[in-house]
Amino acid sequence: MKNKFYFLVIGIVWIALLPAQIPAGYYYLAQGKTKDNLKTALFELAQPRRVLKYGSGAGATWEGFFHTDQRANGSVYDMYSNIERFFNGFNSVSGMHIEHSFPKSWWGGANNTAYRDLFHLFPSDGLTNSTKNNFPLGIVGASPRLDNGVSKVGNNVFGGVYTGLSFEPANEYKGDFARAYLYISTVYQNLAPLWSSPML
């Protein structure tokens, strides 16, 4: 969600203003690197410092969402539907799921750190999430199975390689999903042997 990335940027800026907090040479491994070498260097540098428990309550996913996915009026920022629902503290919100934007079935459903990492988890409308299933991202053609004005599910018409069912988020959220996928494929590249998807 956009707020997560704002908090990340704010955190990076805050850390940058406190140079004593960053060890000398911290980014040394990434200097001068490109392509796969840069990605591997970032993997080695960017391991999560704190990962929440999965689910509701203090110290869990819904507390994270409370801070990162809450609009000014107390409603949940939902990148999957236009249904307005409201937070009730750190409890799960009725009708919503914890959505793994990078589907957990793509790495065998293992309950590892990636499974609980807030940077690719989003609160989502339950019906949309169930319909989205574990389909890869794509551009949905005519006659979608689902089109709720925010999300679409239907046959992919982008690229010509994969024409099966895909999930297409609204244009305003495509960058959020791209960043989540880049994050997971970098920070958890050690899980690549488990990955199984037409998108990978």
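V76 and F90 fall within the same hydrophobic cluster, where Ile, Leu, Val, Met, Phe, Trp and Tyr residues are linked whenever their side-chain heavy atoms come under 4.5 Å apart, directly or through other members. Cluster membership check: L137 shares its hydrophobic cluster with L121, using side-chain heavy-atom separations under 4.5 Å among Ile, Leu, Val, Met, Phe, Trp and Tyr. Residues V150 and I98 share a hydrophobic cluster, clusters being chains of Ile/Leu/Val/Met/Phe/Trp/Tyr side chains in contact below 4.5 Å. Note: the hydrophobic cluster containing F167 does not contain L127 (ILVMFWY, side chain heavy atoms under 4.5 Å, direct or indirect links). Under the 4.5 Å side-chain contact rule for hydrophobic residues, V157 and L146 do not share a cluster.
Side-chain contact between E99 and K132 is present, with heavy atoms from C-beta onward closer than 4.5 Å. Looking only at side-chain heavy atoms (C-beta outward), P123 and V93 stay at 4.5 Å or farther from each other.
Considering only residues two or more places apart in sequence or on other chains, F87 meets the ring pair (Phe, Tyr, Trp, His ring centres under 6.0 Å) condition with F66. Here D125 pairs with R85, T128 under the side-chain hydrogen bond (donor to acceptor under 3.5 Å, both in side chains) rule; sequence neighbours left out. In this view, F158 satisfies the ring pair (Phe, Tyr, Trp, His ring centres under 6.0 Å) rule with no residue, not counting sequence neighbours.
Closest approach of L191 to A114, counting heavy atoms only: CD1-CB, 3.9 Å. Nearest approach of L118 to G64, heavy atoms of both residues: CD2-CA, 3.7 Å. In terms of heavy-atom proximity, S185 sits nearest to L182 at OG-O, 3.2 Å. The two residues A41 and K33 have their closest heavy-atom pair at CB-CG, 4.5 Å.
In summary, the aromatic rings of Y183 and F119 are positioned with their centroids under 6.0 Å apart. Ring pair W107/H120: centre-to-centre distance below 6.0 Å.
Between the side chain of N91 and the backbone N or O of N88, at least one donor-acceptor pair lies under 3.5 Å. Side-chain atoms of S151 come within 3.5 Å of backbone atoms of Y80 as a donor-acceptor pair (strictly under, hydrogens ignored). Proximity of a side-chain donor or acceptor of T61 to a complementary backbone N or O of K53 within less than 3.5 Å is detected. Looking only at distances, no side-chain donor or acceptor of N133 sits under 3.5 Å from a matching main-chain atom of F135. No donor-acceptor distance shorter than 3.5 angstrom exists from the side chain of R116 to the backbone of Y54, with no hydrogens or angles considered. Not one N or O on the side chain of T163 forms a donor-acceptor pair closer than 3.5 Å with the backbone of N156.
For F86, the CZ atom sits in a packed shell: over 12 heavy atoms of surrounding residues, nucleotides or ligands are nearer than 6.0 Å.
Residues D36 and K39 are not paired through a salt bridge, judged by the lack of any N-O separation under 4.0 Å between the basic side chain and the carboxylate. With respect to R71 and E84, no salt bridge is recorded, no charged nitrogen being found less than 4.0 Å from a carboxylate O.
Residue W195 is tested with Y188, Y181, W106, F102 for a ring-ring contact (aromatic ring centres under 6.0 Å, His included); the sole match is F102.
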I'd like to know whether F122 forms a ring-ring contact (aromatic ring centres under 6.0 Å, His included) with F65, so could you lay out the CA-CA distance, the side-chain angles of the two residues, the decisive distance to 0.1 Å, and finally the verdict. CA-CA 8 Å; F122 303 119; F65 290 161; 7.8 Å; no
Go through the steps to decide whether N155 and V140 satisfy the test side chain to side chain contact (heavy atoms under 4.5 Å, CB included), and finish with yes or no. CA-CA 5 Å; N155 289 339; V140 173; over 6 Å; no
Take Y115 and H100 through the test ring-ring contact (aromatic ring centres under 6.0 Å, His included) and record every step on the way to the result. CA-CA 8 Å; Y115 177 84; H100 295 80; 4.7 Å; yes
